[in-house]
Amino acid sequence: MSENVKIVFEGKTYEFPVIVGTEGETAIDISNLRQMTGLITLDPGYANTGSCSSSITFMDGEKGILRYRGIPVEQLAEHSSFIETAYLLINDRLPAKEELNQVSVLFNDQSLVHEDMQNFYNNFPRASHPMGILSSMVNALRSFYPELQIIEEEINITVTRLLSKVRTMAAMSHKISRGHKVVYPRPDYKYCANFLHMMFDTPVRPYQINETLVKALEVFWILHADHEQNCSTSTVRLVGSGRVNLYAAISAGIAALWGPLHGGANQAVIEMLTDIQNDGGNYQRAIDRAKDKKDSFRLMGFGHRVYKAYDPRAKILKKMCDNVLDELYITDPLLDLAKKLEEAALTDDYFIEHNLYPNVDFYSGIILRAMGIPTNMFTVMFAIGRLPGWIAQWKESVDDPKWKLGRPRQIYTGPKETRYIPIDER
Ligand code: CMC
């Protein structure tokens with residue numbers, strides 16, 4: 001392979017090095033493009049732009065591969081826990097048994113939220129979306145936990161706080177939205193079981209931990225833990241590049257995740273399936289609408305910027321839907337509907353030509369429903385899962401010796417210099 005790429009512009013030839021990643025992906029390094037040629041690149045949606053080099057997550061969209069630090073997600077989903085996977089992403093290695101035990105102790109120590117924060121929760125209007133609340137509250141954490149002087153200590157404690165407290169805060173917002181008393185974490189429960197306990201325990205009906213649901217939650221969060229340079233992760237890196245504190249960067253990531261084209265799709269899928277069900281189960285109408293260019297409707301939970309094959313996460317979640325529902329003796333008509341819709345879409349020429357397959361959000365909502373998670377909390381569940389990825393990517397970016405303030409350029413298309421017209425002359 002040629003080591004350089006040549007660009008010919010206005011009769012002059014410029015050469016740019018080719019960068020090759022460990023899995024053979026190639027890029028032209030154009031860091032000196034403007035300096036050398038006066039040109040910039042234009043790439044709406046950054047579909048062809050690498051914003052960084054990263055050793056965290058590898059995806060191959062054509063082959064449907066996803067690996068964290070080299071380990072296939074399928075293996076992590078089967079054998080690992082969410083906390084072990086989070087450790088792997090953030091620390092670049094699997095923890096020893098003792099280290100994992102130590103993490104549990106630290107998480108317990110950090111699992112409570114400052115009681116004064118409840119005042120904020122109580123003052124959000126009841127109809128507020130939990131994603132808006134979570135983003136605001138994570139940003140507010142900085143005010144409650146001021147910066148420590150020793151940088152390494154500050155980073156370590158902030159990471160632990162975020163991973164442990166965001167889970168408590170999410171459950172707390174659910175309880176308060178119901179007008180129920182907040183449930184405190186239990187030191188004898190592990191991460192996922194503790195979340196379900198805080199969400200669903202009530203004085204009149206103590207929550208019985210169900211191992212099928214705990215395992216389902218582990219897998220759900222493992223599969224959401226990182227996805228390289230997606231919209232919210234790029235947001236965390238970009239906001240972080242201005243050297244804001246980690247709480248503010250994560251808060252921005254949560255806000256970016258909220259959108260229905262990104263993490264908000266899991267809520268949108270269940271709403272879409274419910275609409276189809278209310279329409280007498282006419283899924284073909286949804287497919288026809290998704291194909292109609294005059295209609296802005298899209299099949300939610302289908303398509304992906306990178307995957308042009310079946311999303312490996314969706315494959316695992318689809319199988320898990322069947323297992324969870326079988327083991328709990330639940331029948332969910334939305335699962336049957338989702339399967340019929342998928343089958344019809346995958347044999348439809350439009351979806352075949354556009355390489356549109358179910359993504360992670362297509363089946364995840366069915367599992368969350370089985371747990372009893374309300375639909376408007378689905379994207380919060382995604383956010384808790386994505387937290388280790390955001391943190392790992394932020395850490396990698398701040399440790400990068402080539403770290404630079406994120407600042408894209410533009411091609412200006414507005415008016416040329418125009419004289420200001422005083423108000424009386426207009
Ligand atoms: N339904 C119908 N048509 C679609 C869909 C869809 N879900 N997704 C893409 N297309 C079509 C689109 O209309 C366009 O057609 P044409 O080339 O004929 O104009 C073509 O496919 C390419 O679409 P695009 O928007 O340029 O592609 P993209 O790579 O920017 O889109 C996407 C990625 C996720 C925004 C898009 O597939 C989509 O809107 N999907 C539905 C929302 C969704 O499920 N989002 C969750 C993504 S996975 C979770 C995450 O990582 O956040």
Side-chain angles (χ1 to χ4, degrees), residues 43-49 56-62 64-66 68 73 131 220-236 252-273 275-276 283-318 338 341-342 344-368 375 378-390 393:
D43 184 19
Y46 310 123
N48 308 284
T49 297
I56 302 170
T57 288
F58 173 69
M59 283 172 77
D60 183 326
E62 273 69 36
I65 292 174
L66 175 62
Y68 301 154
V73 279
M131 282 297 273
F220 172 87
W221 275 339
I222 288 170
L223 295 178
H224 285 77
D226 194 46
H227 217 223
E228 49 118 307
Q229 308 313 318
N230 55 81
C231 172
S232 55
T233 304
S234 299
T235 300
V236 170
I254 295 169
L257 186 74
W258 191 357
L261 295 190
H262 189 17
N266 56 11
Q267 174 175 344
V269 168
I270 292 296
E271 287 166 354
M272 174 187 78
L273 292 173
D275 284 348
I276 297 173
Y283 53 86
Q284 191 54 48
R285 177 148 50 204
I287 291 181
D288 293 341
R289 281 191 66 195
K291 295 184 330 187
D292 182 356
K293 291 292 167 204
K294 287 188 222 102
D295 192 333
S296 62
F297 176 82
R298 284 187 166 198
L299 211 54
M300 300 313 284
F302 260 77
H304 198 275
R305 172 65 61 78
V306 181
Y307 292 124
K308 300 303 164 200
Y310 212 105
D311 181 334
R313 304 166 300 172
K315 217 178 264 178
I316 298 172
L317 288 174
K318 183 180 179 185
L341 181 61
E342 180 197 335
L346 292 185
T347 48
D348 187 290
D349 285 347
Y350 174 92
F351 286 83
I352 294 170
E353 277 156 25
H354 286 76
N355 291 317
L356 298 170
Y357 294 88
N359 59 48
V360 70
D361 294 314
F362 194 65
Y363 285 105
S364 64
I366 310 273
I367 294 166
L368 297 177
T375 313
F378 284 7
T379 314
V380 167
M381 299 299 289
F382 191 151
I384 301 173
R386 185 54 54 86
L387 204 45
W390 288 332
Q393 301 270 352

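Everything quoted here is computed from the prediction, not taken from an experiment. Numbering of ligands and ligand atoms starts at 1, following listing order.
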Does the side chain of Cys231 come within less than 4.5 Å of Leu257's, by heavy atoms?
no
Arg313 meets the salt bridge (charged side-chain N to carboxylate O under 4.0 Å, His left out) criterion, sequence neighbours left out, with Asp311
For atom 47 (C) of ligand 1, decide whether some protein heavy-atom distance is shorter than 4.0 Å.
yes
For residues 297-304, please give each side-chain donor-acceptor pair under 3.5 Å, one per line with the distance, not counting sequence neighbours.
unit_1	atom_1	unit_2	atom_2	d
His304	ND1	Val306	N	2.9
His304	ND1	Tyr307	N	3.3

Atom 23 (O) of ligand 1: closest protein heavy atom, distance to 0.1 Å, is Arg298 NH2, 3.8 Å
With a cut-off of 4.0 Å, which atoms of ligand 1 are near a heavy atom of Asp361?
46 (C), 48 (S), 49 (C)
Give the residue and atom name of whichever protein heavy atom lies nearest to atom 2 (C) of ligand 1, and the separation in Å to one decimal.
Ala290 O, 3.7 Å
Mark up the atoms of ligand 1 that fall under 4.0 Å of a heavy atom belonging to Gly263, in ascending order.
52 (O)
Under 4.0 Å from a heavy atom of His304: give me the atoms of ligand 1 that qualify, with their elements.
33 (C), 37 (O), 48 (S), 51 (O)
If I apply the N/O under 3.5 Å rule, does Val360 come out as touching ligand 1?
no
Calculate, to the nearest 0.5 Å, the distance between atoms CD and CD1 belonging to Gln284 and Ile276 respectively.
10.5 Å
Which ligand 1 atoms are under 4.0 Å away from a heavy-atom of Gly303?
34 (C), 37 (O)
Note: ligand 1 atoms sitting under 4.0 Å from heavy atoms of Ala265 are 43 (C), 44 (O), 45 (N), 46 (C)
Do any N or O atoms from the side chain of Trp221 and from the backbone of Met381 form a donor-acceptor pair under 3.5 angstrom?
yes
Measure the shortest side-chain to side-chain distance between Trp390 and Asp226 over non-hydrogen atoms and say whether it is less than 4.5 angstrom.
no
For atom 30 (O) of ligand 1, what is the nearest protein heavy atom, given as residue, atom name and distance?
Arg305 NH2, 2.9 Å
For the atom pair NZ (Lys291) and NE2 (His354), what is the distance rounded to the nearest 0.5 Å?
11.0 Å
Could you check whether any side-chain N or O of Asp60 sits under 3.5 Å from a backbone N or O of Phe58, counting only pairs where one atom can act as donor and the other as acceptor?
no
Residue, atom and distance of the protein heavy atom nearest atom 3 (N) of ligand 1 read Tyr350 OH, 3.1 Å
Could you tell me, atom by atom, which parts of ligand 1 come under 4.0 Å of a heavy atom of Gly301?
43 (C), 44 (O)
Just need the protein heavy atom nearest to atom 15 (O) of ligand 1, so name the residue and atom and give the distance.
Lys293 NZ, 3.1 Å
Among Leu387, Ile254, Asp361, find the one that has a side-chain contact (heavy atoms from CB on, under 4.5 Å) with Phe382.
Asp361
Which residue and atom name correspond to the protein heavy atom nearest atom 42 (C) of ligand 1, and how close is it?
Met300 CE, 3.5 Å
Can a side-chain donor-acceptor contact be found between Ser232 and His262 if the only test is distance below 3.5 angstrom?
yes
Using distance alone, decide if ligand 1 has a nitrogen or oxygen within less than 3.5 Å of any nitrogen or oxygen in Leu356.
no
Between Asn266 and Ser364, a side-chain donor and acceptor under 3.5 Å
no
Please state which protein non-hydrogen atom is closest to atom 52 (O) of ligand 1 and give its distance, to 0.1 Å?
His262 ND1, 2.4 Å
Under the 4.0 Å line, does any protein heavy atom show up next to atom 27 (O) of ligand 1?
no
min-distance protein heavy atom vs atom 22 (C) of ligand 1 -> His354 CD2, 4.8 Å
Any donor-acceptor pair under 3.5 Å linking the side-chain atoms of Glu228 with those of Gln393?
no
Would you say Phe302 and ligand 1 have an N/O pair spaced under 3.5 Å apart?
yes
Looking only at N/O atoms, are Leu261 and ligand 1 under 3.5 Å apart anywhere?
yes
